[in-house]
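Structure, as structure tokens:
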Amino acid sequence: MDAIVNIREEEAIETTQALIDSGEDAMKILAQATRAIEEVGKRFETGKYFLPELLMSGEMLIKVSDIIKPNIKCDFVATKKGKALIGTVEGDIHDIGKNIVSFLLDINGYEVRDIGIDVPPATFVEEIKEFQPQVVGLSGLLTLAYDAMKETVGAIEAAGLRDSVKIMIGGGQMSDKICDFVGADAYGKDAMHGVSLVKQWIGA
Ligand code: B12
């Protein structure tokens, strides 16, 4: 989506609405918007864009996904199939991807507790004790998040809770290698992959 890459908010919103109205698959539009935001990230990395553009692109993606989300087709289920806890790890405030994962898990029939951004390991532990999820999702986009994720998994282990939960990680800079480093069970390359992992672990 050119409009997102070039930070033209009004046009991005209009184009998204027009695509929805024309019956284009909502998941496809979301994937296109995500690719556009990756391009913004690249431009930031290469010094072509600065923080204001990064900020505006983040806001734009929130607005665009708010238009897209209600149009994602799902089999809504009244009885929840299991519980997943998700949060962005300490030191990291990126949450657009995490919110998409939460949303998709919810509409796929799982009870989701989203504990927000910049979440310290001790808070993950407290929330797991209280909510008792089968799956914990750690999101992070900064390379700084590697250590925070490792510490979070360590804290869960130290609290004696590691065997009661499956842990998945995700977010821009994550990979299978990082998954091994932090001691999680799996890396979800995108939100749908996260949903598949939960289905695999809790059951569909
Ligand atoms: C938008 C954005 C911001 C916004 C965030 C707004 C928000 N509410 O989230 C703002 C402007 C606030 C921001 C701030 C910063 N950012 Co920023 N940001 C981005 C940008 C452009 C897009 C991120 C995004 O939303 N992508 C779209 C979503 C949909 O993708 P996603 O998060 O990867 O999620 C998908 C999957 O990964 C997966 N997923 C995500 N989480 C999880 C979790 C689980 C469990 C699973 C299974 C899957 C999963 O599902 C999603 C959908 O498929 C990226 C560039 C990029 N290419 O990622 C930089 C980027 C992440 N930011 C970067 C930086 C440096 C910063 C700042 C430090 C800048 C600064 N100097 O202040 C601060 C960080 C502050 C902090 N402490 O966190 C760097 C990180 C570099 C690094 N190696 O660490 C990047 C990579 C840009 C770059 N190329 O340099 N940023």
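Only this structure's heavy atoms are used, side chains among them; waters, hydrogens and symmetry mates stay out. In each ligand, atom 1 is the first atom listed, and ligand 1 is the first ligand listed.
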task = Could you please spell out the steps behind the side-chain contact (heavy atoms from CB on, under 4.5 Å) verdict for Leu85 and Glu130?
result = CA-CA 11 Å; Leu85 179 89; Glu130 201 192 294; over 6 Å; no
Is there a continuous path of hydrophobic side-chain contacts, each under 4.5 Å between heavy atoms, that joins [X] to [Y]?
{"X": "Ile96", "Y": "Met56", "result": "yes"}
{"X": "Leu138", "Y": "Tyr110", "result": "no"}
{"X": "Ile115", "Y": "Ile100", "result": "no"}
{"X": "Ile169", "Y": "Leu142", "result": "no"}
{"X": "Ile156", "Y": "Val119", "result": "yes"}

Below the 3.5 angstrom mark, is there an N/O of [X], backbone or side chain, next to an N/O of ligand 1?
{"X": "Ile86", "answer": "no"}
{"X": "Asp190", "answer": "no"}
{"X": "Ala191", "answer": "yes"}
{"X": "Ser57", "answer": "no"}
{"X": "Ser139", "answer": "yes"}
{"X": "His94", "answer": "yes"}
{"X": "Val40", "answer": "no"}
{"X": "Ile37", "answer": "no"}

Numbering as shown, the atoms of ligand 1 that approach [X] to under 4.0 Å (heavy-atom distance):
{"X": "Leu55", "answer": "11 (C)"}
{"X": "Leu138", "answer": "43 (C), 45 (C)"}
{"X": "Gly172", "answer": "33 (O), 37 (O)"}
{"X": "Leu142", "answer": "64 (C), 76 (C), 77 (N), 78 (O), 80 (C), 84 (O)"}
{"X": "Gly194", "answer": "47 (C)"}
{"X": "Asp92", "answer": "78 (O)"}

Please state which protein non-hydrogen atom is closest to [atom] and give its distance, to 0.1 Å?
{"atom": "atom 89 (N) of ligand 1", "value": "Gly41 O, 2.9 Å"}
{"atom": "atom 9 (O) of ligand 1", "value": "Asp95 N, 2.8 Å"}
{"atom": "atom 87 (C) of ligand 1", "value": "Phe44 CD2, 3.6 Å"}

Ligand 1-proximal atoms of [X], by part, heavy-atom distance under 4.0 Å:
{"X": "Val101", "result": "side chain"}
{"X": "Leu51", "result": "side chain"}
{"X": "Leu61", "result": "side chain"}
{"X": "Ile100", "result": "side chain"}
{"X": "Met174", "result": "neither"}

Please determine if [X] and [Y] form a salt bridge, counting it only when a charged side-chain N lies under 4.0 Å from a carboxylate O.
{"X": "Glu127", "Y": "Arg113", "result": "yes"}
{"X": "Arg43", "Y": "Glu39", "result": "yes"}
{"X": "Lys189", "Y": "Asp176", "result": "no"}

Just go through [options] and tell me whose heavy atom is the nearest to [atom].
{"atom": "atom 23 (C) of ligand 1", "options": "Val89, Ile62, Leu141", "value": "Leu141"}
{"atom": "atom 81 (C) of ligand 1", "options": "Gln173, Lys42, Met56", "value": "Gln173"}
{"atom": "atom 21 (C) of ligand 1", "options": "Asn99, Leu144, Ile167, Leu54", "value": "Leu54"}
{"atom": "atom 43 (C) of ligand 1", "options": "Gly97, Ala33, Gly170, Gly58", "value": "Gly170"}
{"atom": "atom 77 (N) of ligand 1", "options": "Ala36, Ser65, Ala84, Gly91", "value": "Gly91"}
{"atom": "atom 75 (C) of ligand 1", "options": "Leu197, Ile96, Ile93", "value": "Ile93"}

query = Does atom 48 (C) of ligand 1 have any protein heavy atom closer than 4.0 Å?
reply = yes
ask   = Does atom CG of Asp180 have more than 12 heavy-atom neighbours from other groups under 6.0 Å away?
value = yes
Give the minimum heavy-atom separation between [X] and [Y], together with the two atoms involved.
{"X": "Gly91", "Y": "Asp118", "answer": "N-OD1, 2.7 Å"}
{"X": "Met60", "Y": "Ile7", "answer": "CE-CA, 3.6 Å"}
{"X": "Val112", "Y": "Ser102", "answer": "CG2-O, 3.8 Å"}

ask   = Between Asp92 and Leu144, is a side-chain contact (heavy atoms from CB on, under 4.5 Å) present by the stated rule, with each step listed?
value = CA-CA 8 Å; Asp92 197 325; Leu144 264 173; over 6 Å; no
key: Min side-chain heavy-atom separation Tyr49-Lys42 under 4.5 Å   = no
ask   = Is Ser65 close to Leu30 at the side-chain level, that is, under 4.5 Å between some pair of heavy atoms?
value = yes
